[in-house]
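Read through the structure below, which is laid out as structure tokens, and then see the notes.
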There are 2 protein chains.
Amino acid sequence: MHDDDIANTMRALGHPVRLEILRILATQQQGQCCCADVTDSLTLAQSTVSQHIKVLLDAGLIERKPHGTRNRYCLRHDRLAELGSAFGGLLKGLAPVAANKETEQA
Amino acid sequence: MHDDDIANTMRALGHPVRLEILRILATQQQGQCCCADVTDSLTLAQSTVSQHIKVLLDAGLIERKPHGTRNRYCLRHDRLAELGSAFGGLLKGLAPVAANKETEQA
DNA sequence: ATCTTCCATCGCAATTCACCGATCAACTGG
DNA sequence: CCAGTTGATCGGTGAATTGCGATGGAAGAT
């Protein structure tokens with residue numbers, strides 16, 4: 001994961017509504033998360049929510065599963081974890097010099 | 001740290017140049033980091049770099065120390081660490097339901 | 001076949017962002 | 001006091017983002 005990718009993902013997370021959407025998806029039972037549910041919890045127009053979902057989708061943070069007439073969305077826990085370690089690595093790389101020696105390109 | 005704050009900080013990190021600036025500050029010896037150094041490493045206009053620095057400053061990720069004719073910048077490791085745990089908490093909150101019980105408001 | 005529900009996508013306006021050159025305050029050196 | 005350097009800030013431009021309502025297509029129901 002390079003700087004650009006991290007920055008990209010960060011930007012996707014850099015909006016409260018998007019964080020909220022992730023939270024909503026997390027609280028649903030696995031697979032129960034359709035767009036209407038999200039729209040319903042979020043005083044925003046359906047098109048706006050769809051837009052935000054698209055951003056999260058493009059960032060690879062969530063997954064779309066077409067399911068008949070309604071789509072299902074769910075978190076991509078693998079990606080989240082990946083981001084977690086990439087971010088951890090970033091923070092480590094920023095840590096005071098003395099600390100990082102063999103963590104150069106994790 | 002609320003959603004808005006996290007989102008804000010994320011957005012500050014959501015730009016490759018800003019990540020690069022953090023990296024540059026990290027590699028300098030403690031306190032040796034003036035704006036010109038950064039500008040020099042970054043094929044960007046000085047005003048643009050200053051702008052990015054301001055964003056990082058506003059996000060509380062770096063610190064300005066006026067020092068005679070030139071300013072010094074350095075990372076706020078405390079804030080970085082704080083962000084690290086906030087982010088960790090966020091990821092935890094997004095983890096599959098069974099896992100999170102007492103981590104509600106860290 | 002028709003009607004309804006769901007939702008991605010398309011304009012469109014308003015706002016913000018990224019970048020630049022120019023300017024200006026503040027400090028240093030002569 | 002005058003010149004030089006550093007770097008924050010202002011003004012402007014073009015691109016991207018955020019929000020919306022409206023459109024349209026796909027799947028399920030009647």
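Side chains are part of it too, since the values below use all heavy atoms of this structure and drop only hydrogens, waters and symmetry mates. Protein chains get the first letters and strands the later ones, always in sequence-line order, with residue 1 at the start of each. What you are looking at is a predicted structure, and each value in this text was computed from that prediction instead of being measured.
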So [Y] and [X], do their side chains get closer than 4.5 Å, heavy atoms only?
| X | Y | answer |
| --- | --- | --- |
| A:Lys65 | A:Asn71 | no |
| B:Ile53 | B:Ile62 | yes |
| A:Phe87 | B:Leu91 | no |

Could you tell me the separation between the [atom1] atom of [X] and the [atom2] atom of [N], rounded to a whole number of Å?
| X | N | atom1 | atom2 | result |
| --- | --- | --- | --- | --- |
| A:Arg72 | D:dA27 | CZ | C1' | 14 Å |
| A:Ile53 | D:dT17 | CD1 | C1' | 17 Å |
| A:Asn8 | D:dA16 | CG | P | 13 Å |
| A:Arg70 | C:dC6 | CZ | C1' | 7 Å |
| B:Leu56 | D:dG7 | CG | P | 16 Å |
| A:Arg64 | D:dA27 | CZ | P | 14 Å |
| B:Asp58 | C:dC17 | CG | C1' | 14 Å |
| A:His67 | C:dC7 | NE2 | P | 12 Å |

Any side-chain N or O of [X] less than 4.0 Å from the OP1 or OP2 oxygen of [N]?
| X | N | result |
| --- | --- | --- |
| B:Asn71 | D:dT6 | no |
| A:His15 | D:dG19 | yes |
| B:His52 | C:dC19 | yes |

* Structure fact -> Per-nucleotide protein contact along nucleotides 20-30 of chain C, 5' to 3', at a 4.0 Å heavy-atom cut-off (B base, S sugar-phosphate only, - neither), is BBB----B---
* To do: Test side-chain contact (heavy atoms from CB on, under 4.5 Å) on A:Leu57 and A:Glu63 and set out the steps.
  => CA-CA 6 Å; A:Leu57 223 51; A:Glu63 196 177 4; 5.6 Å; no
* To do: Could you grab the distance from atom CZ of A:Arg70 to atom SG of A:Cys34, nearest 0.5 Å is fine?
  =>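 Atom-to-atom, A:Arg70:CZ and A:Cys34:SG are 5.0 Å apart.
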* Applying the 4.5 Å side-chain criterion to the ILVMFWY set and letting contacts propagate, would A:Leu13 and B:Met1 be lumped into a single cluster? ->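 Shared cluster, yes.
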* **Closest to side chain of A:Arg18, choosing from D:dT18, D:dG19, D:dT9** => D:dT18
* To do: Please report the C-alpha distance between B:His52 and B:His15 in whole Å, then the side-chain angles of each, then the deciding distance to 0.1 Å, and finally whether the side-chain contact (heavy atoms from CB on, under 4.5 Å) criterion is met.
  => CA-CA 9 Å; B:His52 281 300; B:His15 194 292; 3.8 Å; yes
